[in-house]
Structures are given as C-alpha cells and as structure tokens.
Amino acid sequence: MGSTFVAAATSKRMLRVFTMSGLQTRIMMLRGPILCMHGLADQLAIFCHTPCSPGADGSQDVHFEWLNVDSHTLVASGAVCLSPPDDKQGAAKVEWLQLTDLGLLAMMDSKGIISVYSPPGNHASGYWAPVLDVNSLEKDKKMHKRDWFWPVSITPVEVIGVLVK
C-alpha cells in the first residue's frame with residue numbers, strides 16, 4: 001500500500017494495482033511467484049522468484065521490479081543480490097524489504113546482510129551495495145547468538161532496528 005494505491009499479487013503471477021477508492025488502474029504479469037512487496041508514497045517494490053528458482057545449490061534466484069505507480073513508469077528492475085550459500089546455513093533467503101524515505105530500495109537476507117539498491121543515475125547504472133552485516137554486531141558483543149536484529153529504517157548515517165532477545 002502506498003499513499004495513493006493498494007497493490008495485490010495473485011497466485012497466477014498477476015499484480016493488480018487499485019486506487020484507494022477501489023478502481024483497478026493496472027494489471028501486469030510477474031516473472032515468477034511473488035515473494036514480497038513494499039509500497040511507499042507513489043512507489044512500489046516487488047520481489048519475485050524467477051522460473052529457475054531455486055537453483056541446484058538451493059539458492060533463490062530473485063528478481064525485483066521498482067515501479068512509480070502514479071506515473072506508470074519503471075524506476076528499476078534486475079536481479080536481487082543475496083549472500084552465497086554456505087555449509088552452515090545453506091542458501092540465503094530474503095528476510096526484509098523496504099523502500100526508504102531516502103529514495104532507496106533496501107533488503108536484508110537470512111545471512112544478516114543489509115543492502116540498498118541505488119537506482120541508475122547519470123553516471124552509473126544501478127547496483128546493490130551492502131551497508132551492514134548484522135553478524136558483525138554479534139562479534140562486537142552487542143548481540144548474543146540467539147538474538148535477532150530486525151531492521152526498521154535506514155537513514156543517511158545509520159540502520160535503525162529492533163534487537164529481539
């Protein structure tokens with residue numbers, strides 16, 4: 001849900017966008033099964049599996065679409081970069097997704113890596129950049145191994161979250 005729309009994804013891989021009064025304004029097919037969505041103001045971010053997900057190693061192949069709902073434009077799209085699989089935890093999964101007030105797309109995977117996607121600009125194509133490894137908090141003695149960090153917001157200087165004991 002954004003400030004001017006409500007979006008719903010169906011099991012038939014369709015995305016339906018409605019005005020707040022219930023008028024359907026857009027319908028589109030998604031590449032694969034929907035994983036999660038987040039709306040903010042006039043923006044909508046969608047994560048979905050691609051047809052070849054999961055891979056042979058169990059890793060997810062996730063694609064994103066970032067839409068401006070009001071102007072019916074695509075802000076960005078591409079692959080979601082997740083942490084590589086390992087012997088200890090297996091393949092990484094998407095844990096959290098958010099469009100930030102800074103105009104960035106943010107996500108956290110199950111390995112504790114929080115990344116942001118900066119949309120393409122005049123001098124660079126869009127890319128995912130890691131901003132925090134939650135596991136490093138445990139090493140700094142701020143977290144116990146059983147504690148869980150849930151991000152809430154990202155500002156220009158910090159990641160704000162809740163430490164769940």
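Sequential numbering from 1 along the given sequence is applied to the chain's residues. None of the values given here were measured: they were computed from a predicted structure.
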If you round to the nearest 0.5 Å, how far is [atom2] of [Y] from [atom1] of [X]?
{"X": "Ile154", "Y": "Leu104", "atom1": "CD1", "atom2": "CG", "answer": "7.5 Å"}
{"X": "Met107", "Y": "Gln98", "atom1": "CE", "atom2": "CD", "answer": "13.0 Å"}
{"X": "Ser115", "Y": "Tyr127", "atom1": "OG", "atom2": "OH", "answer": "11.5 Å"}
{"X": "Thr10", "Y": "Ile27", "atom1": "OG1", "atom2": "CD1", "answer": "7.5 Å"}
{"X": "Leu82", "Y": "Glu95", "atom1": "CG", "atom2": "CD", "answer": "10.5 Å"}
{"X": "Thr73", "Y": "Gln43", "atom1": "OG1", "atom2": "CD", "answer": "7.5 Å"}

Given Asn135, Asp133, Asp86, the one that forms side chain to side chain donor-acceptor pair (under 3.5 Å) with Lys111: Asp86
Quick one, [X] and [Y] - any side-chain contact, counting heavy atoms below 4.5 Å?
{"X": "Leu15", "Y": "Leu44", "answer": "yes"}
{"X": "Arg26", "Y": "Leu67", "answer": "yes"}
{"X": "Ser71", "Y": "Asp42", "answer": "no"}

Is [Y] reachable from [X] through a run of hydrophobic residues whose side-chain heavy atoms are each under 4.5 Å from the next?
{"X": "Val75", "Y": "Leu40", "answer": "yes"}
{"X": "Trp66", "Y": "Val62", "answer": "yes"}
{"X": "Trp96", "Y": "Ile160", "answer": "no"}
{"X": "Val116", "Y": "Met37", "answer": "no"}
{"X": "Trp150", "Y": "Leu132", "answer": "yes"}

Exam field: side chain Asp109 to backbone Ser83, donor-acceptor pair closer than 3.5 Å: yes
What are the two closest non-hydrogen atoms of [X] and [Y], and how far apart are they?
{"X": "Cys48", "Y": "Gly32", "answer": "CB-O, 3.7 Å"}
{"X": "Ala45", "Y": "Leu105", "answer": "CB-CD1, 3.4 Å"}
{"X": "Trp128", "Y": "Cys81", "answer": "CD1-SG, 3.7 Å"}
{"X": "Leu97", "Y": "Cys36", "answer": "CD2-SG, 3.6 Å"}
{"X": "Ser110", "Y": "Ala92", "answer": "OG-CA, 3.3 Å"}
{"X": "Phe149", "Y": "Ile114", "answer": "CE2-CD1, 4.0 Å"}

Worked verdict on Phe5 versus Thr25 for side chain to side chain contact (heavy atoms under 4.5 Å, CB included): CA-CA 9 Å; Phe5 70 91; Thr25 59; over 6 Å; no
Met28 atom CE, neighbour heavy-atom count above 12 within 6.0 Å: yes
Stepwise side chain to side chain contact (heavy atoms under 4.5 Å, CB included) test for Met20 and Val6: CA-CA 6 Å; Met20 294 304 232; Val6 174; 3.8 Å; yes
